[in-house]
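Read the numbers this way: they start at 1 and go in the same order the structure lists the ligands and their atoms. Please read all numbers here as calculations on a predicted model, not as lab measurements.
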Amino acid sequence: MAKRMLSEAEGYELFQKYGVPTPAFQIVTGADEAAEAASEIGYPVVMKIISPQIVHKSDAGGVIVGISGAEEAKKAFNGIVASAKEYNPDAEIHGVIVEEMAKPGLELILGGKTDPAFGKVITFGMGGTLVELMKDVTLRILPVHESEIRTMVKEINAYPLISGYRGMKPRDEESLIAIITGVARFFEENPNVMEFDINPLRLYESGACAVDARIIVDDDYRPVGRKQRKLVPPEYFTPRSVAVIGASSDQKKMGYAVLHNLLHFPGQIYPVNNKRTEVQGLKSYPTVTAIPNPVDLAVITVPAVHVPKVMQECGEKGIPLVVVITAGFKETGPEGKVLEDRMLEIARSYNIRIVGPNCLGLIVPPRGLDTTYVHQSPNPGNIAFISQSGAIINTVVDWSLTQDIGFSAVFSVGNQSDLDFLDYLRFVEQDKNTKAVILYVEQLTDGREFMEVVSEVARKKPVVAIKSGSSQKGQQAASSHTGSLSGSYEVYMEAFRRSGVIPVRALRGAFEAAELLAAPSGYLKGRRAIVVTNAGGFAVLSSDYADMYGIQLIDLPAEIMDELNEFLPDYWSHGNPLDLLGDASEKRFEQVFEVLARHSDLWDIAFVVGFPNLVLTSEGLAKQVIKFTEKTPNPVIGTFLGGESMDAGIKLLKEHHIPNFDELEQTFKVVGRVVWQRCRAKSIGLP
Ligand code: ADP
Ligand code: MG
């Protein structure tokens, strides 16, 4: 027996055990019996159809409320059964439930679902018939602590309807929290429950009542077992010698581009080609086994059908790590899956670890290693990028060259038949070159294990993540792309937040956030901010954006104010943002920064917003910003606005690893997102 729906009565009984109040009810199978039950329960009553095939009872004419007498009850019974039969002639009708009519209240929804990646998730929000319209819901991945349930309740937009809005009395929030806690426990303790909803739960000034209960169980359900994981020694990713199997001199072949990008590799490089003795000017070998020296890494570019045989040879050669660039495996269907399994089995028998298949492989710029076919290798730097899309790596690497962004490592995870996101995360966690991590995620298999690992990594290094598939269309695209179904976007967002990962939507935002966090000041400590500018217009806009993105512009404390008044012209803004006026010279900025640095304990972030003019050069401003960062432990963030005249200053900031943005709203948006996540992480006990 696969999935089945429990009756409302079974649902009520189960939920009652977990402290959920429900109406008194009886199940009847005839009209007279219905009238008897109704008088026992007490009028008015509600009657509803009981049929495993009817999910939405109202749609089937299967719900009648406000029944106030015996005759009405009999009529209701017959009416409900007739409507249900008409609605679905094949539906098995198990009877009718007669229940106490609950008084009107605020209609909420409590639900649960089983996410393919993260398992059980509970949702809470505005209920009733407007759920789909309002979409005012929030969710948590189980297990969930009571304190989180409290936050959850406050998160919905309609929360004022619970806490008391415009003279309305507050509703019983404590009962609600107790009910959600009970429901979460119910979901956890019953492994066969796949999904449920209580819609509506009526919340009163005192108490509450669930007036519908739907539970779907699957007695055959087994959660996906956790994969056996053997840590990859970090030195696997910094090999001394690399073989390219399928290396080619033909520019149209993958094996050409891969070898081409490896020509600059400072270690040994061995082309393998069974038809040629020389490839791109290098001596070539017919098989890996013919290479006279040890090989640390093999990159395979030959067609999928040949991969198992080549893997066998890599095993005989004793190669510990193999990158399989070749596509045509699991992502293409069942035949490809068989081939992938065979390849994996051979690899396992020789203790070979696999990157890919169906991937670009890896780039470790500090080691001069690039197994991909990207147009041009990226520069070394301190950001690690782990991506489930190869195309995005190509784009990002190309773009990074124009933006002066460097990488400590780039991993294209591909089908993750052996090594997966978590193995790469473990590598960047301990990699000393990596200061911040960006993930591009389409879909994860074991979301729970991901959360455990990534939250450990995020304790040490900031992790920023983009999840694709927020739209329905996006979800389809992701599925045809990796050969696997995409999980629900909101669950991923919640998983990221819970693990201290900073969720971002756009690639540009991801890099800006990562660069910001890779700066020596690291994680932002709090949201108390100061804005220093020479432009009145930007001062006002800064206040607007700060407000919009949750950055708190502090009121300047008297001690700072007094010191500033000593040397600033009378008509300075006398507040935060500190508008130092259009004629502000380098000297004026220097003096202000000195005062602010001395009072670093009073603020968490300083924004310096500058525009070009004739009294202040961009280098001059940049120099003062650099001096400022040397005097304060707090992050100083530049927004140098203008055209080419600002380039020199921006370059200086870059050289000193001071984050700079070229658009004011973007500054506050990115910083706001990071700060919000940090505050949330702290509130749930992450560092
Ligand atoms: P459906 O299967 O269509 O969701 P419900 O059991 O939720 O059916 O009933 C439809 C609506 O009828 C509910 O949303 C609620 O407003 C009202 N209702 C149902 N049961 C009761 C009850 N016991 N007391 C008061 N109103 C009820
Ligand atoms: Mg309902």
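- An N or O contact shorter than 3.5 Å is missing between Val65 and ligand 1 by distance.
- A tilted orientation is assigned to the rings of Tyr12 and Phe25, their planes being inclined by 30° to 60°.
- A salt bridge does not link Glu188 with Lys120: none of the charged nitrogens is closer than 4.0 Å to a carboxylate oxygen.
- Under a 4.0 Å N-O distance rule, the pair Lys57/Glu8 qualifies as a salt bridge.
- Atoms of ligand 1 lying under 4.0 Å from at least one heavy atom of Val55, given by number and element, are 2 (O).
- Scanning the protein heavy atoms around atom 2 (O) of ligand 1, the nearest turns out to be Lys57 N, 2.8 Å.
- Per-residue contacts place Arg214 under 4.0 angstrom from the following atoms of ligand 1 (heavy atoms of the residue considered): 1 (P), 2 (O), 4 (O).
- Electrostatic pairing of Lys75 and Glu72 does not count as a salt bridge here, judged by no charged N lying under 4.0 Å from a carboxylate O.
- The ligand atoms of ligand 1 that sit less than 4.0 angstrom from a heavy atom of Asn199 are 7 (O).
- Closest to atom 6 (O) of ligand 1 among all protein heavy atoms lies Lys48 NZ, 2.6 Å.
- At least one N, O or S atom of Asp212, from either the backbone or the side chain, sits less than 2.8 Å from the Mg ion (ligand 2).
- Ranking the protein heavy atoms by distance from atom 13 (C) of ligand 1 puts Pro200 CD, 3.7 Å first.
- Under a 4.0 Å criterion applied to the non-hydrogen atoms of Pro23, ligand 1 contributes the atoms 23 (N).
- Here atom 10 (C) of ligand 1 lies nearest to Ser58 when heavy atoms of Ser58, Ala213, Cys209 are compared.
- Between Tyr424 and Phe411, the two ring planes are parallel [angle under 30°; tilted spans 30° to 60°].
- Using a 4.0 Å cut-off between a side-chain N of Lys or Arg and a carboxylate O of Asp or Glu, Glu452 and Arg226 qualify as a salt bridge.
- Under a 4.0 Å criterion applied to the non-hydrogen atoms of Glu107, ligand 1 contributes the atoms 16 (O).
- Of the N and O atoms on the side chains of Glu331 and Asn415, at least one donor lies less than 3.5 Å from an acceptor on the other residue.
- Between the side chains of Gln443 and Tyr492, no donor-acceptor pair of N or O atoms lies under 3.5 Å.
- The protein heavy-atom contact nearest to atom 15 (C) of ligand 1 is Arg202 NH2, 3.6 Å.
- Scanning the protein for heavy atoms near atom 23 (N) of ligand 1, the closest one is Glu99 OE2, 2.7 Å.
- In this structure, atom 24 (N) of ligand 1 lies nearest to the protein heavy atom Ala102 N, 2.8 Å.
- Side chains of Ser83 and Glu86: a donor-acceptor N/O pair is absent below 3.5 angstrom, by distance only.
- Atom 4 (O) of ligand 1 has Asp212 OD2, 3.0 Å as its closest protein atom, hydrogens excluded (heavy atom only).
- Protein heavy atom at the shortest distance from atom 22 (C) of ligand 1 is Val46 CG2, 3.5 Å.
- Asn199 lies close to the Mg ion (ligand 2), since one of its N, O or S atoms is found at a distance under 2.8 Å.
- Remark: Glu429 does not engage Lys461 in a salt bridge, criterion side-chain N to carboxylate O under 4.0 Å.
- Taking 4.0 Å as the cut-off between side-chain N and carboxylate O, Glu13 and Lys17 do not count as a salt-bridged pair.
- By the 4.0 Å heavy-atom criterion, Glu100 is counted among the residues contacting ligand 1.
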